[in-house]
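Heavy atoms only: backbone and side chains are in, while hydrogens, waters and symmetry mates are out.
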Amino acid sequence: MAGEKIIAVTGATGAQGGGLARAILADKAGGFKLRAITRKPDSDNAKKLAAAGAEVVVADLDDEKSLAKAFAGAYGAYCLTNFWEHFSGEKEYVQAGNLARAAKTAGIQHAIWSTFEDTRKWVPLTDNRMPTLQGKYKVVHFDAKAEANDLFIKAGVPTTFFLTTFYWENLIFFGLGPKKGPDGKFAMTYPMGSAKLAGIAVEDIGKAAYGVFKRGKEFIGKTIGITGEHLTLVQMAASVSKALGIEVKYNEVTPAVFRSFGFPGADDVGNMFQIYQEFEKPFAAARPVEFTKSLNPALLTFDQWLAANKSRIPLE
Ligand SMILES: NC(=O)c1ccc[n+]([C@@H]2O[C@H](COP(=O)([O-])OP(=O)(O)OC[C@H]3O[C@@H](n4cnc5c(N)ncnc54)[C@H](OP(=O)(O)O)[C@@H]3O)[C@@H](O)[C@H]2O)c1
């Protein structure tokens, strides 16, 4: 439709950007249209978006010029980096800089930068309660994103700093679902003590981001945070038990034990949960549920998410 504003979405073929992509596509009368950015226009996810009406454009986060070209003529840009593809804070920071400068070059009027808190404001590098990682971070995938906030400011891009949180999909894809112990019983192993974990359905992040774009200039220059629900692991395990019809316990471990599990990124994820646990209050306060609902009225609770996704949770 003529007059529609283009929103260019990095990560559109993935979980987080995909939620936004589908929210834009679903709102035919919303006044926005989707430009999905990918390195792989022939992938199934890119083809699905194209078939649903998206303009699919090729660009690479490692290549600022390709991003500036992909952003040209767009009103908005959703800026996402994927730490888990390379596990490098430095690389994530460089990619964020490419996004910020490309957004400026293209004259983007509203960028949303998918970011996190800088955990070093809570736990300075000199604090040994958790290890320093890659020489200068505590939670690498948080701190690198937070450090990059300034790159958007310095580039002069009208930006909303969008604090996301733990996807409940981590129970499906990140090995954080119930696992059978030596006693034959299922347990969810987290270093969360009795603190509440701010969790969200990843699709709801995209829907909330769409809500931010729809609110126009209101959140430009602001930091806003979202979540679906704040729940203890005891509460989460009880919900999972009910949804799956099996007994699932919370197996509480210390962050140090979690870090020692040795899977790629275990140290970073262990530090992250330690932050979630020890800084539960400021982390939660930055992510009010009611506010999230105002951006995305369809926001799911954990129980609703489980009802829709329980068959996707692997039981190992
Ligand atoms: N897991 C969680 O609980 C959680 C919570 C909050 C935030 N996050 C953050 O979310 C990010 C990951 O997003 P996701 O979960 O949506 O990942 P995902 O489902 O694996 O998708 C990754 C997306 O990033 C795109 N991408 C990656 N590298 C690219 C590059 N060099 N150039 C262009 N596009 C590139 C991919 O596009 P193509 O492959 O099509 O090119 C794909 O669309 C991470 O930075 C993570 O820290 C995760």
What distance do Glu229 atom CD and Met236 atom CE have between them, rounded to the nearest 0.5 Å?
9.5 Å
Would you confirm whether Tyr250, through its side chain, and Gln235, through its main-chain N or O, come within 3.5 Å as a donor-acceptor pair?
no
State plainly whether one hydrophobic cluster holds both Leu151 and Tyr137, where clusters connect Ile, Leu, Val, Met, Phe, Trp and Tyr through side-chain heavy atoms under 4.5 angstrom apart.
no
Will you find, in the side chains of Gln16 and Tyr78, an N or O donor that is under 3.5 Å from an N or O acceptor?
yes
Of the non-hydrogen atoms in Val289 and Gly228, which two are nearest, and what is the gap between them?
CG1-O, 3.6 Å
Given side chains that start at C-beta, do those of Val157 and Arg101 come closer than 4.5 Å, heavy atoms only?
no
Test side-chain contact (heavy atoms from CB on, under 4.5 Å) on His110 and Tyr75 and set out the steps.
CA-CA 7 Å; His110 188 178; Tyr75 158 83; 3.9 Å; yes
If you measure from the Lys or Arg side-chain nitrogens to the Asp or Glu carboxylate oxygens, is any gap between Arg22 and Glu203 under 4.0 Å?
yes
Does the pair Leu34 and Val9 meet the rule for a side-chain contact (heavy atoms from CB on, under 4.5 Å), with working shown?
CA-CA 7 Å; Leu34 170 66; Val9 180; 3.5 Å; yes
If every non-hydrogen atom of Trp168 is compared with every non-hydrogen atom of Ala201, which pair is closest and at what distance?
CE3-N, 3.3 Å
Would Val94 and Asn98 count as a side-chain contact (heavy atoms from CB on, under 4.5 Å) here? Give the steps.
CA-CA 6 Å; Val94 169; Asn98 289 340; 4.1 Å; yes
Counting only heavy atoms from other residues, nucleotides and ligands, does the tally under 6.0 Å from NZ of Lys121 exceed 12?
yes
Mutual orientation of the aromatic rings belonging to Phe263 and Phe258 [parallel < 30°, tilted 30-60°, perpendicular > 60°]:
perpendicular
Note, Val123 side chain near Met130 side chain (heavy atom, < 4.5 Å)
yes
Give, for atom CG of Leu295 and atom CD1 of Ile224, the distance between the pair rounded to the nearest 0.5 Å.
5.5 Å
To the nearest 0.5 Å, tell me how far Asn271 CG sits from Lys138 NZ.
7.0 Å
Between Asp143 and Thr119, is any side-chain donor less than 3.5 angstrom from a side-chain acceptor?
yes
Just say parallel, tilted or perpendicular for the rings of Phe152 and Phe161, cut-offs at 30° and 60°.
perpendicular
Are Thr254 and Pro191 side-chain neighbours, meaning at least one heavy-atom pair lies under 4.5 Å?
no
Tell me if a side-chain donor or acceptor on Gln304 pairs with a main-chain N or O of Thr301 at a distance below 3.5 Å.
yes
Under a 3.5 Å distance rule, please check whether Thr232 uses its side chain to pair with a backbone N or O of Ala195 as donor and acceptor.
no
Can you see which heavy atom on Thr81 is nearest to which on Ala96, and at what distance?
CG2-N, 4.0 Å
Determine whether Thr159 and Ile153 make a side-chain contact, defined as any pair of heavy atoms from C-beta on separated by less than 4.5 Å.
no
Using side chain to side chain contact (heavy atoms under 4.5 Å, CB included) as the criterion, point out the one residue from Thr227, Thr292, Leu300 that pairs with Asp204.
Leu300
Give me the ring orientation class for Tyr276 and Phe273: parallel if the planes are under 30° apart, tilted from 30 to 60°, perpendicular past 60°.
tilted
Decide whether Trp305 and Leu315 are clustered together by the hydrophobic rule: side chain heavy atoms of Ile, Leu, Val, Met, Phe, Trp, Tyr closer than 4.5 Å, transitively.
yes
Taking all atoms of both residues into account, what is the closest heavy-atom pair of Val248 and Val240, and its distance?
CG2-CG1, 4.0 Å
Give a yes or no on whether Asp44 atom CG has more than 12 heavy-atom contacts from other residues, nucleotides or ligands under 6.0 Å away.
no
Can you sort out the partners of Lys136 under side-chain contact (heavy atoms from CB on, under 4.5 Å), two or more places apart, ordered by chain and number?
Glu90, Leu125, Glu147
pair Ile200-Phe166: side-chain heavy atoms closer than 4.5 Å:
no
Tyr167 meets the ring-ring contact (aromatic ring centres under 6.0 Å, His included) criterion, sequence neighbours left out, with none
Restricting to pairs with a member in residues 105-118, which pass salt bridge (charged side-chain N to carboxylate O under 4.0 Å, His left out), not counting sequence neighbours?
Glu117-Arg287, Asp118-Arg120
Work out which heavy atom in Val56 is nearest to a heavy atom in Ala50; give both atom names and the distance.
CG2-CB, 3.8 Å
Does Lys179 NZ have over 12 foreign heavy atoms under 6.0 Å away?
yes
Closest non-hydrogen atom pair, Ile313 against Pro178
CG2-CD, 3.7 Å
Using a 3.5 Å distance criterion without hydrogens, assess whether the side chain of Tyr190 forms a donor-acceptor pair with backbone atoms of Leu197.
no
Any donor-acceptor pair under 3.5 Å linking the side chain of Lys222 with the backbone of Glu218?
yes
Does Asn251 reach the main-chain N or O of Ala187 with its side chain, forming a donor-acceptor pair under 3.5 Å?
no
Option among Thr223, Thr160, Asn149 that satisfies the side chain to side chain donor-acceptor pair (under 3.5 Å) test with Trp113:
Asn149
Mind checking whether Lys91 and Phe83 have side chains closer than 4.5 Å, heavy atoms only?
no
How about Trp84 and Phe174: are their ring centres within less than 6.0 Å of each other?
yes
Just wondering, do Thr115 and Phe162 contact through their side chains at under 4.5 Å, heavy atoms?
no
Any side-chain donor-acceptor pair under 3.5 Å between Thr13 and Asn45?
no
From Met272 CE over to Phe142 CZ, what is the distance, rounded to the nearest 0.5 angstrom?
5.5 Å
Please determine whether a side-chain nitrogen of the Lys or Arg among Glu92 and Lys145 lies less than 4.0 Å from a carboxylate oxygen of the Asp or Glu.
yes
Here the gap from Arg312 atom CZ to Ile172 atom CD1, rounded to the nearest 0.5 Å, amounts to 4.0 Å
Would you check, one step at a time, whether the test side-chain contact (heavy atoms from CB on, under 4.5 Å) holds for Thr165 with Ile226?
CA-CA 7 Å; Thr165 196; Ile226 55 161; 5.7 Å; no
Could you measure the distance from the CD atom of Gln134 to the CG atom of Asp267? Nearest 0.5 Å is fine.
8.0 Å
Hey, are Arg35 and Glu55 close enough for a salt bridge, meaning a charged N less than 4.0 Å from a carboxylate O?
yes
Before accepting this row, confirm whether a basic side-chain N of the pair Arg129/Glu278 lies closer than 4.0 Å to the acidic partner's carboxylate O.
yes
Using the side chain to side chain contact (heavy atoms under 4.5 Å, CB included) rule, pick out the option among Val57, Ile6, Thr10, Thr105 that qualifies with Phe71.
Thr10
Short side-chain to backbone donor-acceptor contact, Asn296 and Lys207, under 3.5 Å:
no
Looking at side-chain heavy atoms only, is the closest gap between Ile24 and Leu20 below 4.5 Å?
yes
